[in-house]
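Notes for the one structure printed next.
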Amino acid sequence: MKGIILAAGRGTRLRPWTDDKPKPLLNMAGQPILNYILDGFAAAGVSDLFIVVGYLGDAMRNHYGSEYSGMRLAWLEQKELLGTGHALMLAEKELRCGDFMLGFGDVLVDHENYPALADFHSRGGFDASITLNEVDDPYAGAAVYVDGDIVTKLIEKPPRGESTTTWNNRGLFIFTPVIFDEVRRLEKSPRGEYELPTAVNMLVESGKRVGAMPVTGFTSDVGTKEEFEEYESYIIKKRGSN
């Protein structure tokens, strides 16, 4: 299986830490954030991994090169930050040949969730599979409505207080090539971006089977210094208990 990581963002909420270093390279408990994500992809059996970079992307290229833990790495540049759907389309030619895993360069989940998602997707025979985490209100992410393990609706950035679900899109996916057909139909969101979660909802609306797997363990997008330090403490504590 192939994979793609979207890592072009600026990490503005972590300034000044990200003034001269991209967020995925920030040191967390002794290694870059991105290492924890790469380890997950490797655990899921990904052989070829495409990493979309933008802000300070050369720093990531120079740090990792063309191989990590047996995976071949290839680098793609998103010159305009036009959203996650736009970033995915940069690798359409390379990923259209089969199922692929997609993640973000700053969303952290326990690494066992990666092979678990691959198994969940394979057993379910889904057209796409997404991960979920439970929150009080998914207004900051994407609200996901489910029937069992099937997604019935997904709403990107819903207004605060309007969601009747506590499931949030966690940001680790497996897609079949049908996702590209929906991404091509996307229109810009009010934020001026082509939003990948909207394309997932379009899959649902077109009758495709989209599976939903809750993640286990602690998870975070480490968007603030407090969240960064909280997840770092979690890693250190977990490491000490093993």
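Counting from 1, the numbers follow the sequence of the chain as shown.
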Mark yes or no for whether [X], through its side chain, and [Y], through its backbone, hold a donor-acceptor pair below 3.5 Å.
X    : Y    : answer
Q78  : G83  : yes
S69  : A42  : no
S220 : V222 : yes
N27  : G30  : yes
S163 : D137 : no
N168 : A142 : yes
T18  : G11  : yes
T219 : L108 : yes
E227 : T224 : yes
Y145 : T164 : yes

Let me have the donor-acceptor pairs involving side chains of residues 204-215, under 3.5 Å, with sequence neighbours excluded, atom names and distances please.
from : atom 1 : to   : atom 2 : distance (Å)
E205 : OE2    : N201 : ND2    : 3.2
S206 : OG     : M202 : O      : 3.3
S206 : OG     : L203 : O      : 2.8
R209 : NH1    : G124 : O      : 2.9

Can you get from [X] to [Y] by hopping between Ile, Leu, Val, Met, Phe, Trp and Tyr side chains that sit under 4.5 Å apart?
X    : Y   : value
V109 : M71 : yes
L38  : M28 : yes
I37  : Y64 : yes
L73  : L88 : no
Y55  : M60 : no

I need the full list of salt bridge (Lys or Arg N to Asp or Glu O under 4.0 Å) pairs touching [range], with sequence neighbours left out, sorted by first then second residue.
range            : value
residues 31-42   : none
residues 117-131 : D119-R123
residues 75-89   : none
residues 97-118  : K23-D106, D110-K238, E112-K238

For [X], check side chain to side chain donor-acceptor pair (under 3.5 Å) against everything at least two apart and list the hits.
X    : value
D149 : none
S122 : none
D19  : none
E134 : T166

Under the side-chain contact (heavy atoms from CB on, under 4.5 Å) test, residues paired with D58 that sit two or more places apart
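Partners of D58 by the side-chain contact (heavy atoms from CB on, under 4.5 Å) criterion, ordered by chain and then number, come out as R61, N62.
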
For F173, enumerate each residue passing the ring pair (Phe, Tyr, Trp, His ring centres under 6.0 Å) test, keeping only those at least two apart in sequence or located in another chain.
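Testing F173 for ring pair (Phe, Tyr, Trp, His ring centres under 6.0 Å), a comparison that skips the adjacent residues, returns F175.
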
Pair up each side-chain donor or acceptor in residues 90-98 with any protein partner under 3.5 Å, not counting sequence neighbours, and list the distances.
from : atom 1 : to   : atom 2 : distance (Å)
E92  : OE1    : R184 : NH2    : 2.6
E92  : OE2    : R96  : NE     : 2.8
E92  : OE2    : R96  : NH2    : 3.3
E92  : OE2    : R184 : NE     : 3.4
E92  : OE2    : R184 : NH2    : 3.4
R96  : NH2    : D181 : OD1    : 3.0

I130 and side-chain contact (heavy atoms from CB on, under 4.5 Å): which partner among L154, V146, L172?
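The option that passes is L154.
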
Parallel, tilted or perpendicular: which one describes the rings of Y114 and F41, with boundaries at 30° and 60°?
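It falls in the tilted class, 30° to 60°.
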
Check this for me: R191, atom CZ, are more than 12 non-hydrogen atoms of other residues, nucleotides or ligands nearer than 6.0 Å?
yes

Any chance the side chains of S189 and E195 put a donor and an acceptor closer than 3.5 Å?
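Yes, because at least one side-chain N or O of S189 sits under 3.5 Å from a partner of the opposite role on E195.
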
